[in-house]
Structure formats: C-alpha cells, structure tokens
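The block underneath contains the structure these notes are about, expressed in structure tokens.
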Amino acid sequence: MKYHQIERNLFIKNRAKFMAQMKPKSVAVFNSNDIYPISADSTMPFAQHRDIFYLSGVDQEESILLLFPDAPYEHQREILFLKETNEHIAVWEGEKLTKERALAVSGIKTVYWLQEFEKVLFELMTHSETIYINTNEHYRASVETETREARFVKWWKDKYPAHAVAKSNPILQRIRSIKESEEIDLIQKACDITEKGFRRILSFVKPNVMEYEIEAEFIHEFLRNRSKGFAYTPIIGSGNNANVLHYIENNQQCREGDLILLDVGAEYANYSSDMTRTIPVSGKYSERQKAVYNAVLNVKNEATKMLVPGTLWKQYHIEVGKLMTSELLGLGLIDKADVQNENPDWPAYKKYFMHGTSHHMGLDTHDYGILTEPMQANMVFTVEPGIYIPGEGFGIRLEDDVVIQESGEPFNLMRNIPIEVDEIESLMNK
C-alpha cells in the first residue's frame with residue numbers, strides 16, 4: 001500500500017462498536033472484494049470492501065473477518081482468515097499479510113489461513129443461533145455483479161438453514177457515519193492531497209488545453225503524495241460539458257472565455273475527499289460568470305451553517321432550496337411568477353439546480369448514513385450547490401467537505417483550497 005500504516009487502535013474501536021450492537025449468540029462474517037477480471041488474464045486494480053477494511057484494516061483480497069462476541073473462548077471472538085502466503089507468492093505477486101503482520105495491522109490475535117474457514121465456522125456455528133450477513137443497502141446502490149459477499153450468503157444459507165439471519169448493514173450505517181478522530185485525520189489527508197492537485201492545475205490551465213491534460217496533472221500530484229489516485233471518476237467539464245452532471249469523458253478542448261468545472265478528489269488509505277471548483281480557462285471570470293459564481297458561493301456558505309447536530313436531512317434541503325430561489329431571482333434566471341406557480345414536487349429553482357446539496361462522505365465518496373435520522377457531531381458531509389445554464393454555455397458548482405461539530409459551524413476540511421474569485425484569478429495569473 002502507498003499509504004502509511006494506520007494505527008490499529010482505530011480498527012479495535014470499530015469492532016467494539018459493532019459487536020456491542022450484535023444480538024446474543026450471534027456471528028458476523030465480512031468478506032473482502034474479488035479481483036475483477038477484464039479479459040484474458042487482465043484484471044482491474046484491487047479495491048477492498050470498505051466494511052472489512054473499516055473493521056480490520058486488512059487491505060488485500062481473499063480475506064474474511066469473523067466476529068463472535070459470545071464465543072466460548074476468548075480466542076474465538078475475533079478471527080481473521082487470510083490467503084496463505086509463501087515465497088513463491090512473494091516473488092510473483094509481492095508480499096501478502098503474514099499472521100504476525102495481520103496482528104500488527106488489525107489488532108486481531110487469532111489468524112488462520114483461508115482453507116481452514118469452513119472447519120472453524122462449523123465449530124462456531126454449533127455455539128451460535130444467528131448469523132449477520134453483510135448486504136449492500138446503500139440508498140444509491142445498484143449492483144449487477146455477484147460479489148464475493150453475495151456468494152458467501154448463498155453458500156451459508158444452504159449450509160446452515162436452521163440459523164436465524166440478521167443484517168450487518170443497519171449497524172454499519174450508524175457507526176460508520178460518525179467518524180473517529182483518526183478517520184477525520186485520514187479524510188483531512190485526502191483533502192490536503194486534493195489541494196496540492198488543485199494548486200498545480202491553477203498554474204497549468206490556459207486556452208486550448210485538453211480536459212484530459214488537466215486530469216493528468218491531478219493524478220500526477222495525487223500519486224506523488226501516496227494516494228492511489230482519484231476517489232471517484234473525475235469530472236473535468238469545460239464550457240457546456242459542465243451542464244452534464246456526470247460528465248466523465250474529459251476529452252474536449254478548453255476554449256478561451258469558458259469555465260471549467262472540476263469535480264475531483266483524491267483518496268488516501270481508502271478514505272475519500274470530494275472537491276468541486278469552477279475556474280476560468282483564460283484566468284479571469286466575466287462579470288456574468290462572476291455574478292453566478294458568487295451566487296453559488298453564497299448558497300454554499302449559508303447551507304454549510306445549517307449542518308449542525310439535530311438537523312433533519314429533508315428539511316435541510318428545503319431550506320437550501322429557499323436560498324437558491326433567492327439567488328436565482330437576483331440573477332434574473334427565474335421570476336416571482338415562476339415561484340408562485342411552481343410545482344411543490346419540482347420547485348422553480350430545480351430548473352437550474354437539480355441535484356442534492358450534501359451527502360455523507362468517508363470511506364465511500366457517498367458514504368454510509370441514515371438520512372431519516374438527525375445529523376450528529378463528527379459526521380462528514382459535502383456541501384455542493386450549483387447553477388447550470390446551458391443557454392449561456394456554462395455551469396458552476398462549488399463543493400467542500402465539512403465535519404459537523406458539537407456546537408457552532410462545521411469544520412471545513414477544505415478551508416485551505418482556494419475558492420474566492422479574487423484568489424483564483426490571482427493564482428492563475430501569477
């Protein structure tokens with residue numbers, strides 16, 4: 001791994017939080033992700049399942065974590081199963097976790113090789129009544145590929161039909177949404193790497209540069225700072241491309257007078273950052289672009305103040321909609337009649353700002369969190385309003401990542417990334 005080893009106490013705490021909410025006499029099992037094939041002998045780069053990483057720190061394929069708080073013996077309460085390593089594997093694939101190294105990473109003392117899993121599980125199932133399965137219940141999930149986790153669930157239900165089934169996901173949705181201080185430090189590191197990439201491109205961008213050349217500058221800076229790369233597929237949208245919310249082709253030329261919407265974030269140690277900035281190709285915003293930009297910035301700043309403990313997700317977005325309506329009226333994009341006659345299910349402002357303002361962020365860019373429950377301290381959210389005007393050939397979105405505090409305004413993890421018009425113009429024209 002490129003990142004520095006994470007102190008194992010984080011994973012020890014995470015397991016304790018999960019096990020404290022398990023039912024009596026229950027077992028929970030978590031599987032690593034597969035390495036996914038492309039074609040022939042080619043594979044995609046491995047990316048660990050965030051849940052097993054959150055609970056163990058193990059960041060390699062063919063790994064299983066088993067938790068059994070009520071096991072008859074202490075050594076059975078936390079168990080790792082790993083792909084057995086040897087000198088041949090080390091030569092061809094590189095070093096894999098040894099049992100000793102797994103203890104150092106995870107804090108788990110009991111480690112078996114993977115081929116012992118079925119035998120050990122059988123013994124433990126004779127002492128348990130319930131098994132927790134780890135299904136993907138994220139509100140944005142749309143999974144067509146059968147995962148290693150899904151294959152395990154099929155196998156287990158056939159092998160142990162008499163046991164009760166419980167779900168890990170509701171527990172994980174709650175505990176993963178509230179970050180430990182170590183996790184906030186890791187997200188801050190990802191944001192700091194993103195800042196370095198952004199400052200790099202401010203001096204690079206000029207008329208006629210290609211969108212993919214900007215993408216290349218970001219990845220250069222990310223990799224040289226111990227990131228694996230982008231936390232999500234980057235959006236480098238110049239001109240009208242910015243009005244396509246998930247534009248990822250990044251293959252057009254950036255023309256003089258246009259704006260470029262940059263929705264880009266580095267990952268670090270599997271934790272995400274998520275930044276959006278909108279900059280002028282020529283190094284200076286037009287008066288109209290500046291007016292729209294500052295309107296978006298005003299909404300972002302005011303929306304950020306609402307992210308406090310007790311805020312309800314649904315009401316928050318209603319209030320942000322009121323802020324945006326006011327700004328759009330000021331810009332002349334909508335009028336009072338549009339507002340008076342609006343459809344309550346699709347308010348007038350949605351013509352120019354059609355997506356949500358904030359989402360949970362952490363190990364996943366769209367991280368775990370239960371949207372029907374009040375916000376709590378140490379949750380991390382994005383704040384990302386935008387105004388999209390295809391008729392004028394540009395769109396503007398601005399986005400920071402913030403941590404909700406016990407009292408007062410959220411702490412902005414992207415406080416050092418330039419966002420004011422004057423600072424961006426100054427840096428681009430050095």
So, do Phe394 and Asp258 sit near enough that their side-chain heavy atoms are less than 4.5 Å apart? no
Side-chain donor-acceptor pair under 3.5 Å between Asn429 and Lys284, yes or no? no
Does the gap between the ring centers of Tyr388 and His355 come in under 6.0 Å? yes
As an exercise, state the distance from CH2 of Trp155 to NZ of Lys157, rounded to the nearest 0.5 Å. 14.0 Å
Any chance the side chains of Gln376 and Arg174 put a donor and an acceptor closer than 3.5 Å? no
I'd like to know if Asp34 pairs up with Arg151 as an ion pair, taking the criterion as any Lys NZ or Arg NE/NH1/NH2 lying under 4.0 Å from an Asp or Glu carboxylate oxygen. yes
Flag for Asp274-His359: side-chain donor and acceptor within less than 3.5 Å: yes
Is a donor from one side chain sitting under 3.5 angstrom from an acceptor on the other, for Asn270 and Tyr54? no
Side-chain donor-acceptor contact under 3.5 Å, Thr194 with Ser273: yes
Regarding Arg255 and Gln253, do their side chains bring together a donor and an acceptor under 3.5 Å, going by distance alone? yes
Between Glu211 and Asn241, is any side-chain donor less than 3.5 angstrom from a side-chain acceptor? yes
Strictly by modelled atom types, are Glu149 and Asn31 linked by a side-chain donor-acceptor pair under 3.5 Å? yes
Answer with yes or no whether the side chains of Gln315 and Glu319 bring together a donor and an acceptor at under 3.5 Å. yes
Among Phe30, Phe53, Phe18, find the residue that satisfies the ring pair (Phe, Tyr, Trp, His ring centres under 6.0 Å) test when tested with Phe11. Phe53
Hydrogens and angles aside, do Glu215 and Asn250 bring a side-chain donor and acceptor to less than 3.5 Å of each other? yes
State, with a plain yes or no, whether a side-chain heavy atom of Val380 is found less than 4.5 Å away from one of His360. no
Rounded to the nearest 0.5 Å, how far apart are CD of Glu195 and CG of Asn416? 5.0 Å
Ring-plane angle category for Trp313 and Tyr316, please: parallel below 30°, perpendicular beyond 60°, tilted otherwise. tilted
Inspect the contact between Arg140 and Asp364 and indicate whether a charged nitrogen and a carboxylate oxygen are less than 4.0 angstrom apart. no
How long is the gap from CG on Leu202 to CD on Glu217, to the nearest 0.5 Å? 11.5 Å
Do Asp51 and Tyr368 meet the criterion of a side-chain donor-acceptor pair at a distance under 3.5 Å? yes
Between atom CG of Leu398 and atom CG of Asn298, what is the distance when rounded to the nearest 0.5 Å? 10.5 Å
I'd like to know if the side chain of Tyr247 pairs up with that of Asp263 as donor and acceptor (distance under 3.5 Å, no hydrogens or angles considered). no
Could you check if a side-chain atom of Asn14 sits within less than 4.5 angstrom of a side-chain atom of Arg176, using non-hydrogen atoms only? no
Salt bridge between Glu180 and Lys17, side-chain N to carboxylate O under 4.0 Å? yes
Is there a side-chain contact between Met210 and Gln252 in this structure, where contact means two heavy atoms from C-beta onward sitting under 4.5 Å apart? no
Aromatic ring proximity Phe117/Phe81, centre distance under 6.0 Å: yes
Using side-chain heavy atoms (C-beta onward) and a distance below 4.5 Å, is Val165 in contact with Thr130? no
Quiz item: cation-pi between Lys290 and Tyr285, 6.0 Å / 45°: no
How about Thr365 and Ser272: does a side-chain donor come under 3.5 Å of a side-chain acceptor? yes
Mind checking the OG1-CD1 spacing from Thr311 to Ile404? Nearest 0.5 Å is all I need. 6.5 Å
